[in-house]
2 protein chains.
Amino acid sequence: MASKIGGMFSQTVEYALRAIVHLAKQPDALQTTAQISKATQVPSAYLSKVLQTLTRDGLVEVKRGVSGGYLLNKSPDEMTIYDVVQCVDPLQRIRTCPLELSSHRKRLCSLHAKMDSALESIENVFRSTTLTELMNSPNPSVPLCNV
Amino acid sequence: MASKIGGMFSQTVEYALRAIVHLAKQPDALQTTAQISKATQVPSAYLSKVLQTLTRDGLVEVKRGVSGGYLLNKSPDEMTIYDVVQCVDPLQRIRTCPLELSSHRKRLCSLHAKMDSALESIENVFRSTTLTELMNSPNPSVPLCNV
DNA sequence: GCAATACAGGATGTTTTTATCCTGTTTTGT
DNA sequence: ACAAAACAGGATAAAAACATCCTGTATTGC
C-alpha cells in the first residue's frame with residue numbers, strides 16, 4: 001500500500017494534480033508532455049494517459065502537432081482540486097449499504113454513515129480549494145517549484 | 001477502482017471494520033471466522049488474514065482449537081475506527097514532499113498541505129468515533145443487522 | 001488418547017493499478 | 001510536399017491488492 005498517497009489517494013490523483021498545477025502556473029505557453037513530466041517528476045508515458053483523461057473531460061485543452069501541447073481549459077479560479085479528482089479517480093460518496101442489507105436501503109448504518117462523513121469532509125476540502133488559491137497561498141513553498 | 005470504498009478506503013479496511021463491529025456486538029461469545037464471515041459477508045479465507053493482522057496488533061484476542069474463536073480485546077468504548085484503520089491499512093499523514101524538492105523539506109507546498117489537511121479531517125472523524133458510539137447511534141439501522 | 005474443531009501461515013491465483021512501448025495520426029514550419 | 005514535433009491509443013508488462021487453497025498446529029470434549 002506504499003504507492004498510495006497517505007494510504008488514501010491514488011498515484012493517478014497525485015499525478016493529475018501535479019500536472020494541473022503545473023499548467024495553471026504556465027497560462028501563456030503550451031506545455032508538452034515532456035515538459036510537464038520533467039517539472040512534475042511524473043513518468044511521461046503514464047502522464048500521457050492521465051492527460052488524455054483530463055482532455056476527455058475538458059479540464060485541459062490539447063493542440064496536436066509541432067509546437068503543440070496542453071493548456072488549462074478554464075480559469076484557475078474556476079477549477080478546484082475536486083474537479084481534478086473527480087475526473088481521474090472519482091471520490092464516490094457512500095449512498096447505499098455495501099452489504100445490501102434490505103433494511104439499510106434507505107438509511108446507512110452508523111458505520112457506513114461515519115465513513116461517508118469522512119468522505120464528505122474530504123469532499124468539502126477539495127471542493128473549496130481552487131487552483132488560484134493553491135498558487136496564491138501565503139505558504140512560501142510553491143507547488144512543484146524548488147525555490 | 002470499483003473495489004475501493006468511496007474510491008478511498010481499501011476493501012481490507014472495510015472488511016476489518018465490519019469484523020470488529022461484529023465482535024463488538026457479541027461481547028460474550030467467541031466468534032469463529034465462519035460466523036464472522038457469515039455475518040459480515042466477508043470472504044472467509046481473506047477474513048482469516050485480516051483477523052490475523054488484528055490479532056498481531058492486539059485489537060482482538062484469539063482462542064485456538066475446538067470452541068475457539070475471536071473476541072474483542074478492549075472495551076468498545078476504548079477502541080476507535082482509527083485504531084482499526086491504522087492496524088490494517090494505515091492512514092499516513094503527508095509529512096515530507098513527495099517530489100523531494102529540497103526547498104519543501106521543512107514545509108509542504110500548498111498542494112500537499114491541502115491534501116494533508118484532507119487526511120487530517122479523516123483522521124479527526126476516525127479518531128473521535130468509538131465502537132460504542134457506532135453501536136449506540138440513534139441511527140435506526142444497526143451495523144450488520146438487517147432489522 | 002483421539003477425533004473433531006478452529007486458527008496460522010505458506011503457496012498460489014486473480015484482478016486492478018501503475019507503468020512502458022510502439023505504431024499511427026495530426027499539425028507545423030520550411 | 002515533407003520532415004520533424006507532438007499527441008492518441010492499443011498492446012504489453014510489472015507491481016500491488018484482493019482472494020483462495022492447503023497443510024500444519026493448537027485445543028477441546030469425550
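Convention: sequence-line order gives letters A, B, ...; per-chain numbering from 1.
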Spacing between [X] atom [atom1] and [N] atom [atom2], to the nearest angstrom:
{"X": "Met8(A)", "N": "dT17(C)", "atom1": "CE", "atom2": "P", "result": "16 Å"}
{"X": "Tyr46(B)", "N": "dC7(C)", "atom1": "OH", "atom2": "P", "result": "18 Å"}
{"X": "Glu61(B)", "N": "dT27(D)", "atom1": "CD", "atom2": "P", "result": "13 Å"}
{"X": "Lys38(A)", "N": "dA6(D)", "atom1": "NZ", "atom2": "P", "result": "14 Å"}
{"X": "Arg56(B)", "N": "dC7(C)", "atom1": "CZ", "atom2": "P", "result": "15 Å"}
{"X": "Phe9(B)", "N": "dA17(D)", "atom1": "CZ", "atom2": "C1'", "result": "17 Å"}
{"X": "Leu47(B)", "N": "dG9(C)", "atom1": "CG", "atom2": "C1'", "result": "15 Å"}

Review point. Nearest nucleotide by nearest heavy atom, which residue falls closer to the 5' end of DNA chain C, Thr32(B) or Lys49(B)?
Key: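 Counting from the 5' end, the first nearest nucleotide belongs to Thr32(B).
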Point to revise | Nucleic acid contacts - residues 63-73 of chain B versus DNA chain D, non-hydrogen atoms under 4.0 Å | key: Lys63(B), Arg64(B), Gly65(B), Val66(B), Ser67(B)
Review point. How far apart are the closest heavy atoms of Ala19(B) and Leu51(B), and which atoms are they?
Key: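 Minimum heavy-atom separation between Ala19(B) and Leu51(B): CB-CD2, 4.4 Å.
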Check your understanding: When the ring planes of Phe9(A) and Phe126(A) are compared, do they come out parallel, tilted or perpendicular, using 30° and 60° as the limits?
Key -> tilted
Check your understanding: Between the two end axes of the helix from dG1(C)-dC30(D) to dT30(C)-dA1(D), each built from 5 base pairs, what angle do you get to the nearest 10°?
Key ->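 It works out to 10° between the end axes.
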Assess the side chains of [X] and [Y]: does a donor N or O sit below 3.5 Å from an acceptor N or O?
{"X": "Thr80(A)", "Y": "Asp83(A)", "answer": "yes"}
{"X": "Tyr46(B)", "Y": "Thr12(B)", "answer": "yes"}
{"X": "Ser10(A)", "Y": "Asp89(A)", "answer": "yes"}

Does any non-hydrogen side-chain atom of [Y] lie less than 4.5 Å from one of [X]?
{"X": "Gln86(A)", "Y": "Leu91(A)", "answer": "yes"}
{"X": "Met8(A)", "Y": "Met115(B)", "answer": "no"}
{"X": "Val42(B)", "Y": "Ile36(B)", "answer": "no"}

Review point. Does a side-chain N or O from Gln52(B) land closer than 4.0 Å to OP1 or OP2 of dG9(C), or not?
Key: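 Answer is yes, contact under 4.0 Å.
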Check your understanding: OP1 or OP2 of dA8(C) less than 4.0 angstrom from a side-chain nitrogen or oxygen of Ser48(B), does that happen here?
Key ->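 Answer is no, no contact under 4.0 Å.
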Exercise for review: Take Ser44(B) and Ala34(A), find for each the nucleotide of DNA chain D with the closest heavy atom, and name the residue whose nucleotide sits nearer the 5' end.
Suggested key: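 Whichever sits nearer the 5' end wins; that is Ala34(A).
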Point to revise | Nucleotide nearest Ser10(B) (side chain, heavy atoms from C-beta), chosen from dG9(D), dT18(C), dC18(D) | key: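 Taking heavy atoms from C-beta onward, the closest nucleotide is dC18(D).
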Exercise for review: Would you give the length of the straight line joining atom NE2 of His22(A) to atom CG of Leu111(B), rounded to the nearest 0.5 angstrom?
Suggested key: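 One finds 14.0 Å between NE2 of His22(A) and CG of Leu111(B).
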